Amino acid sequence: MADKYQFDGIEKKWQRHWEEAGLFKTREIPDAEKYYLLEMFPYPSGKLHMGHVRNYSIGDVAARYLRMKGKNVLHPMGWDSFGLPAENAAIQNGIHPNLWTHDNMREMRTQLKRLGLSYDWDREVATCEAEYYKWMQWIFIRFFKNGMAYKKKNPVNWCPSCETVLANEQVVDGVCDRCGSTVGKKDLEQWYLKITDYAERLLSDLDKLPGWPSKVKTMQKNWIGRSTGAEVDFTVEGTDKKLRIFTTRPDTLFGVTYMVLAPEHPFVKELAAGGGQEAQVDAFLRKLQYLSDIDRTATTLEKEGVFLGCYAVNPLSGGRVPVYIANYVLMDYGTGAIMAVPAHDQRDFDFAVKYGLDILPVIDPECPEIDLSNLKEAFVAEGKLIHSGRFDGLKNREAIGQITDFLEKEGFGKKSVNFRLRDWLISRQRYWGTPIPMIHCETCGWVPEKEENLPVLLPTDVKFTGKGESPLHTSGTFRETVCPLCGGPAVREIDTMDTFLDSSWYFLRYCDARNGARIFEKDKAKYWMPVDQYIGGVEHAILHLLYARFFTKFLYDIGESPVEEPFTRLLTQGMVLKDGKKMSKSIGNVVSPEEIIRKYGADTARLFILFASPPEKELEWSDAGVEGSYRFLNRVYRLVDEWAPALRDAPDSYASVTAADREMHYALHYAVRKVSDDIGDRFSFNTAISAIMELVNAMYKYKEAENRSTALMKNAVTNLILILSPFAPHLCEEMWQSLGHGQSLYGERWPDYDENALILDTVEIVIQINGKVKERIRVQSGLDQDAMIAKVKEDARFEQLLAGRMPVKIVAVPGKLVNVVVQ
RNA sequence: GCCGGAGUGGCGGAAUUGGCAGACGCACAGGACUUAAAAUCCUGCGGUUCGUGAGAAUCAUACCGGUUCGAUCCCGGUCUCCGGCACCA
């Protein structure tokens, strides 16, 4: 007998067997209960890391378990294969992104297969393939035709030396992180998706997702950021112009002492004209131009602004207030203009102090410690209205509604809801992404490509210089085309799509991945959707998961998606750490999955990564822990190896005769129940594995017992292999075969357990005095409270425990304990 | 600043949410096997005090308080760490 099991041969043998037998291919079977299990597909960076191993091991255990429970499980895999790294490789090493990406996909596919993951590879998708992005373009055109995609001029970060657009992350302290030049703004036409039209539904439908972690739902709620308030019109003195502002605090309207417009507000030029402040305004605007969006909106940036030279009139109080522009007001939230109430808003307060503007309290804190005539900071808590005309004396909470109603009645304003969520800027001045299938014609404007002409293929004759706009403009063949409407000369959009679009609907495509005629057959999507369980990193809690929900809702609205919410249950797995830190090349603490698999095998890698920590928590990598998991699998192997010959011809049924038999019988059924519950209900894989370890310990003990039953041992070994098989599938197949089975164990059903086996004749109960454990006694099981108390009173040690004190009260918990309360 | 989450042995974690705190594993120690080592098997393993000893007492789930017969779990406060958002009017 070999000391250690030969994992390498065993694992490769069964991986080949599964592939050749097509064991994990999935069809729609109308009568079977479906289960769609999905892990987030990877970006093909080239090598699998431990985070992938963890993510896909979690999913695979669930998939294998559910199949054995008789579910028709869809478990697909694919590639989020457009993106910047491929293009950087092209710029640096001259490798075409397409080649680089496909090499990486091949490499990683091999690694995934080496982990023994039970995917249906026939449904594999890669977002960079024309057969996939064709439908991405089709969706975009649907967005456009439904008025959900629009083009808008917007300032982007532009490096004058590199001649390229920069992402916000590439602008550090106002300079280009590649060449150090000062980054400026350039107005470019960019495509947007109107995700804000869905803000309300994206928010309220979170309540329909009880299977999501509340943490993720809260993050999405905050991101969408719904605020209710009012829009109010202020007239600009001496003109008929109305300045519309948004406020969540209409109760403070009488405390407005100035107004502020965003520097980009369309009225700025006009209002500044003739006010005598033109030069200052101009200088201020020029200064802001050189700030990146990130710096512009940083809280640390000092509030700054200039007087526009004009005044506005408060519709309620009739008061005349100066109009400013300032860096702390944003054009793309609300109306791009605010009323400033320094007494009750800290930002306005800071600004007012700096520029010597009036501070007028209109809410009385009714607190003697606060001196309203000399505020040190804005008062933002509750109170009663003062200096507010007819609304004086109202609680400010009530005043919000009453003042809003009054504004509406008088035509000065209206109720309003605002979201923090912005429309989704999807244009990327990049090559390796889905071409936006739009064409610009001088006479017809922006026109979508005809659907029968899709896909708009990415050209291959482009240069990767890292300079200029989108590399697509260097293609000699791509840009020039004809207008789909009028047939006149026209040019194609050269920007590509944000890759987050590609990953916003791949789960739908898996339902019918090879369909060349449609995005997917709706019947097939109807069979599989929604995804019953989605598993991935928490870093996607906001963007990816929000975008995927948005796409699903849109596709639902246009009659394509059968569901409104894509993912019923969500598991966000924790990070894999080494020495308390995230594994990273720069720290040099990366553990390579390849090496672990070479040294210990895939089964050990899977087992360890699931045993070391619950799935949602961070996982501290431990080489010693891996050794432990490896030892355990060897321990199982030796046990089965020793017994297999004797078990082949042993009978299946047995009677528990000895005490050891009864213990073994109990341990077996306990383990089956525990593992079933832990995998099926709780996704608590670490405790499932410890339950299997306990079973193995019990079996080692039992095999030394006198008069042990071979039939009982056969039952124990058989069930042990079955319940371990989701975690260590290769070893379990091998052991299953060694018992004389000719077929894969993945044709087997998950074992049942017998409730009766878990009922013991006697149970140990605890005697407590005042809640402290004093004694344990064995009583027959099933006793009611009175019988338990009687048993305790009979016990020889009871009087001794009381030590002469009188019981005041006795509490009994059936099957568990009796607590005697004494003075 | 605002919103979440978490603090349990030397370590990873368990206790399926009010009922025996520390399952299972790692590390460590002792024993068996071995010429020896590795591997394997068995045993022990939170702290303090008492006892030669089987054992007994007592403290212990970040800290302080509360509710309860009983709190790792519920409530109030404090501290620390982690995550998200961050001039959103």
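All values derive from a computational prediction rather than experimental measurement. Throughout, protein chains are lettered first and strands after them, A, B, ... in sequence-line order, and every chain is numbered starting at 1.
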### Message
Any base atoms under 4.0 Å from A/Asn819, or only sugar-phosphate, or nothing? Heavy atoms, all strands.
### Response
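Base contact.
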### Task
Indicate, with a heavy-atom threshold strictly under 4.0 Å, whether A/Gly225 touches base, sugar-phosphate, or nothing.
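Touches nothing.
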Please identify each residue that fulfils side-chain contact (heavy atoms from CB on, under 4.5 Å) with [X], with sequence neighbours left out.
X	value
A/Arg569	A/Gln533, A/Phe683
A/Pro361	A/Ala343, A/His344, A/Leu372, A/Leu375
A/Leu543	A/Trp223, A/Phe500, A/Tyr547
A/Ser204	none

### Task
Give me the residues of residues 679-691 of chain A where at least one heavy atom lies under 4.0 Å from an atom of RNA chain B, by number, or none.
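Here the set is A/Arg682, A/Asn686, A/Thr687, A/Ser690.
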#### Entry: Sequence neighbours excluded, every pair satisfying salt bridge (charged side-chain N to carboxylate O under 4.0 Å, His left out) that has a member inside residues 618-634 of chain A
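Non-adjacent pairs meeting salt bridge (charged side-chain N to carboxylate O under 4.0 Å, His left out): zero.
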### Query
Pairs in or reaching into residues 770-783 of chain A: which pass salt bridge (charged side-chain N to carboxylate O under 4.0 Å, His left out), with residues at least two apart or in two chains?
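Residue pairs passing salt bridge (charged side-chain N to carboxylate O under 4.0 Å, His left out), neighbours aside: A/Glu775-A/Arg797.
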### Task
State which residues pass ring-ring contact (aromatic ring centres under 6.0 Å, His included) with A/Tyr192; sequence neighbours excluded, sorted by chain then number.
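A/Tyr192: ring-ring contact (aromatic ring centres under 6.0 Å, His included) contacts with A/Tyr150.
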#### Entry: Consecutive Watson-Crick or G-U pairs in runs of at least 3, all under 3.5 Å, in which RNA chain B is involved
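Listed by first number, the stems are B:1-7 with B:79-85, B:10-12 with B:24-26, B:28-32 with B:40-44, B:46-50 with B:55-59, B:62-66 with B:74-78.
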### Query
Is it true that the side chains of A/Asp348 and A/Tyr328 contain a donor and an acceptor less than 3.5 Å apart?
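Yes, side-chain donor-acceptor contact under 3.5 Å.
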### Query
Out of B/rA21, B/rA89, B/rC24, which nucleotide sits closest to the side chain of A/Val773?
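For A/Val773, the side-chain atoms sit closest to B/rA21.
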Between the protein and nucleotides 41-46 of chain B, are there any N/O to N/O pairs under 3.5 Å, and if so, what are the atom names and distances?
unit_1	atom_1	unit_2	atom_2	d
B/rC41	OP1	A/Arg635	NH1	2.7
B/rC41	OP1	A/Arg638	NH2	3.3

### Task
Examine A/Arg635 relative to A/Tyr700 and say whether NZ or CZ is less than 6.0 Å from the centre of the six-membered ring and inside a 45° cone about the ring axis.
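Yes, A/Arg635 lies over the aromatic ring of A/Tyr700.
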Polar atom pairs between nucleotides 9-12 of chain B and protein, under 3.5 Å, N or O only, would you list them?
unit_1	atom_1	unit_2	atom_2	d
B/rG12	O2'	A/Ala612	O	2.5

Distances under 3.5 Å only, N/O to N/O: pair up the protein atoms with those of nucleotides 57-62 of chain B.
none

